[in-house]
Amino acid sequence: MKKPLTHISIVGFVMFALLFGSTSWVQFVTADSLNNNALNNRKVLDQLARDRGPILVDGKPIAYSEPVDDKYKFQRKYGAEGLNPRAYASMTGYYSIVSGASGMERASGDYLSGDSDALFYDKVGSLFTGEQPRGAAVELTIDPKVQQAAWDGLGNQNGAAVALDPKTGKILAMASTPGWDPNPIASHDSETAQSAFEELNNAEGKPAYNRAIGGNLYPPGSTFKVLVAAAALESGDYKPDSTLNGPAELDLPQTTSTIGNSHPGACRNGGQPTLADSLAESCNTSFASLGMDLGEDAIKEQAEKFGFGQDMEIPLKVSPSTFPDNLNPPQLAQSSLGQYEVRSTPMQMAMMTAGIANGGKMMKPQLVDRVLNANTLEPIKEMRPAQKSRPVSGKTADQLTTMMEGVVEDGTASVAKMNGTKVAAKTGTAQHGPGAAPHAWFISFAPADDPKIAVAVVVENGGNAGNEAYGATVAGPIAKNMMEAVVEK
């Protein structure tokens, strides 16, 4: 009898120890990770009863909480006078009783909910008053005029547009179309919220993708030629007036295939264009030849200096842009035109453009301008410009700027011309599949001699122009309107 009792005691002790250990593990070791898990709505439900802080654009609340007479106490709403919630949804995200939080609602959740350590004294004060602490206000860097220009320009076309302040890294616009309305997902009626969530994620055109920083990355097409030109200038073996080989067709080694130009015949100067002329007329054959001469390592290294392959948060997560490895000569030639397996976000191309505009210093893109105490409106945190890298020298940046001005004055980007303002730009028309209409690209900055805005625009599948699309005609006018929203203030 004694032996079975001893066995039962040991088993009971072991089970108790395991239960105590697992409970302690959940409470003390994995508590934070479980709390912050995107699939765990308990934290969201707990916080719905709080006065969640607003997300501001130019001082106006684009996301805010209103008191309501139900068990959740506060209803999250999106939109403001002059600020269409669909135009900002890719940034704000949603705050939902059924699907948790996304976008800035999640990325700045600690500030908005009042849980941040920066609000410690407010939390201490709430212990004495018995009131829940109010969340802080998060003010974005977005310029509503630039955002509206991007949104209006993209219209019913799928695509994205990003604008940066080259000198500070502030994100002035970040539009992604088609847009969507977060309000139904924020409904306190669980069936309505769930239905809206499913509709968003199953919708044609995938509006839930933030095309500016994620979703499906795009081949950047001829806008990538600016990066290849940067690699050439940085090598010390080339200058803007260096002569390149730009025939009507370029035979690719190790294959019977050829690369042709977007226009009939050879490039300027009888097929012997300068590097500057090659960029101005977007000569495919000269840049394919240049890329093979530079080699994979030189172009890949330059791409990495501009940020390709790097994880980044703004604080929204930005998908890394990519440049392929282990290329044979024909693949390298195609990659030098921003084709083959080169893929980029509009944010990445805007960063590259801004780095050139800022004399070779690429600033860290930032979406949050200030975090304000909800009670005192005093800044808790303020955006400080931070240099991310120096991808090219000041001399190379100046040379590229002059060359990109030439693309506007005497090349494919003449659509971006502004009276009394110098503009630097590059067009791109990116093939991406048999029979598919090309993506239309445009990158630019202005004023070229004192940059205040750098822009990247992509319109998927040629937008409304379809197979007749070119970067200049489809994406160019959008970029111009965005620049004018800043330059003509």
Side-chain angles (χ1 to χ4, degrees), residues 217-262 266-267 271-310 320-344 348-349 351-353 355-356 360 362 389-397 399-400 403-404 426 428 430-431 443:
L217 306 187
Y218 303 96
S222 291
T223 58
F224 193 76
K225 291 173 182 174
V226 174
L227 189 148
V228 176
L233 295 171
E234 285 287 283
S235 72
D237 296 329
Y238 295 86
K239 298 178 180 179
D241 60 359
S242 294
T243 300
L244 304 181
N245 180 35
E249 288 191 340
L250 179 70
D251 294 325
L252 294 175
Q254 304 176 8
T255 179
T256 58
S257 299
T258 62
I259 283 179
N261 295 310
S262 58
C267 295
Q272 295 292 302
T274 64
L275 177 59
D277 282 341
S278 293
L279 193 71
E281 67 170 333
S282 201
C283 178
N284 287 339
T285 57
S286 61
F287 267 97
S289 179
L290 174 62
M292 290 189 289
D293 289 343
L294 288 170
E296 176 185 334
D297 290 346
I299 299 176
K300 187 173 184 64
E301 181 180 350
Q302 188 62 67
E304 290 173 348
K305 287 181 178 179
F306 274 116
F308 276 71
Q310 298 177 17
S321 298
T322 61
F323 185 83
D325 295 311
N326 304 316
L327 301 173
N328 61 34
Q331 292 168 342
L332 179 56
Q334 290 282 354
S335 297
S336 301
L337 307 180
Q339 299 282 176
Y340 185 53
E341 293 180 355
V342 182
R343 295 293 183 270
S344 180
Q348 174 60 68
M349 299 312 291
M351 288 168 58
M352 181 191 77
T353 306
I356 294 167
M362 193 168 73
S389 66
R390 190 175 183 94
V392 293
S393 67
K395 178 181 178 182
T396 295
Q399 291 173 324
L400 289 170
M403 290 166 61
M404 291 174 71
K426 181 69 188 80
Q431 306 298 328
I443 59 174

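Of the inter-residue distances, the one linking L217 atom CG with S344 atom OG reads 7.5 Å to the nearest 0.5 angstrom.
Ring geometry, F224 versus F308: the interplanar angle exceeds 60°, so the pair is classed perpendicular (tilted spans 30 to 60°).
The closest donor-acceptor contact from the side chain of T223 to the backbone of P220 lies under 3.5 Å. With hydrogens and angles ignored, the 3.5 Å screen pairs no side-chain donor or acceptor of S242 with any backbone N or O of L275.
Closest heavy-atom contact between A298 and A231: O-CB, 4.1 Å. Of all heavy-atom pairs spanning M351 and F306, the tightest one is CE-O, 4.3 Å. Taking every heavy atom of both residues into account, Q302 and P391 meet most closely at NE2-O, 3.0 Å. Here the closest heavy-atom approach between residue R390 and residue G360 is recorded as CG-O, 3.2 Å. Scanning all heavy atoms of the two residues, the minimum distance from C283 to N261 falls at SG-OD1, 3.7 Å. Across every non-hydrogen atom of P219 and Q339, the tightest pair is CB-NE2, 4.3 Å.
For the pair P320 and Q348, the minimum side-chain heavy-atom distance is 4.5 Å or more. For the pair T285/C267, a side-chain contact is recorded, criterion being any heavy-atom separation below 4.5 Å from C-beta on. The side-chain heavy atoms of M403 and L233, taken from C-beta on, include a pair separated by under 4.5 Å. Residues S335 and P324 form a side-chain contact, since some pair of their non-hydrogen atoms from C-beta on lies under 4.5 Å apart. Using a 4.5 Å heavy-atom threshold, the side chains of P253 and N328 count as separate. Here the side chains of K225 and L279 are in contact, with some heavy-atom distance below 4.5 Å. Side chains of I259 and L337 form a contact here, defined as non-hydrogen atoms less than 4.5 Å apart. Counting only heavy atoms from C-beta outward, the side chains of V226 and I356 approach each other to under 4.5 Å.
In the model, E234 has a side-chain atom that pairs as donor or acceptor with a side-chain atom of T396 under 3.5 Å. Side-chain contact annotation: K239 with T274, donor-acceptor N/O pair under 3.5 Å absent.
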Show the atom names and distances, to 0.1 Å, of all donor-acceptor pairs under 3.5 Å that link a side chain in residues 287-297 to residues at least two apart or in another chain.
{"residue": "E296", "atom": "OE1", "partner": "L327", "partner atom": "N", "Å": "2.8"}
{"residue": "E296", "atom": "OE2", "partner": "N326", "partner atom": "N", "Å": "2.9"}

- prompt: Please walk me through it: do E281 and S262 pass side-chain contact (heavy atoms from CB on, under 4.5 Å)?
  reply: CA-CA 9 Å; E281 67 170 333; S262 58; over 6 Å; no
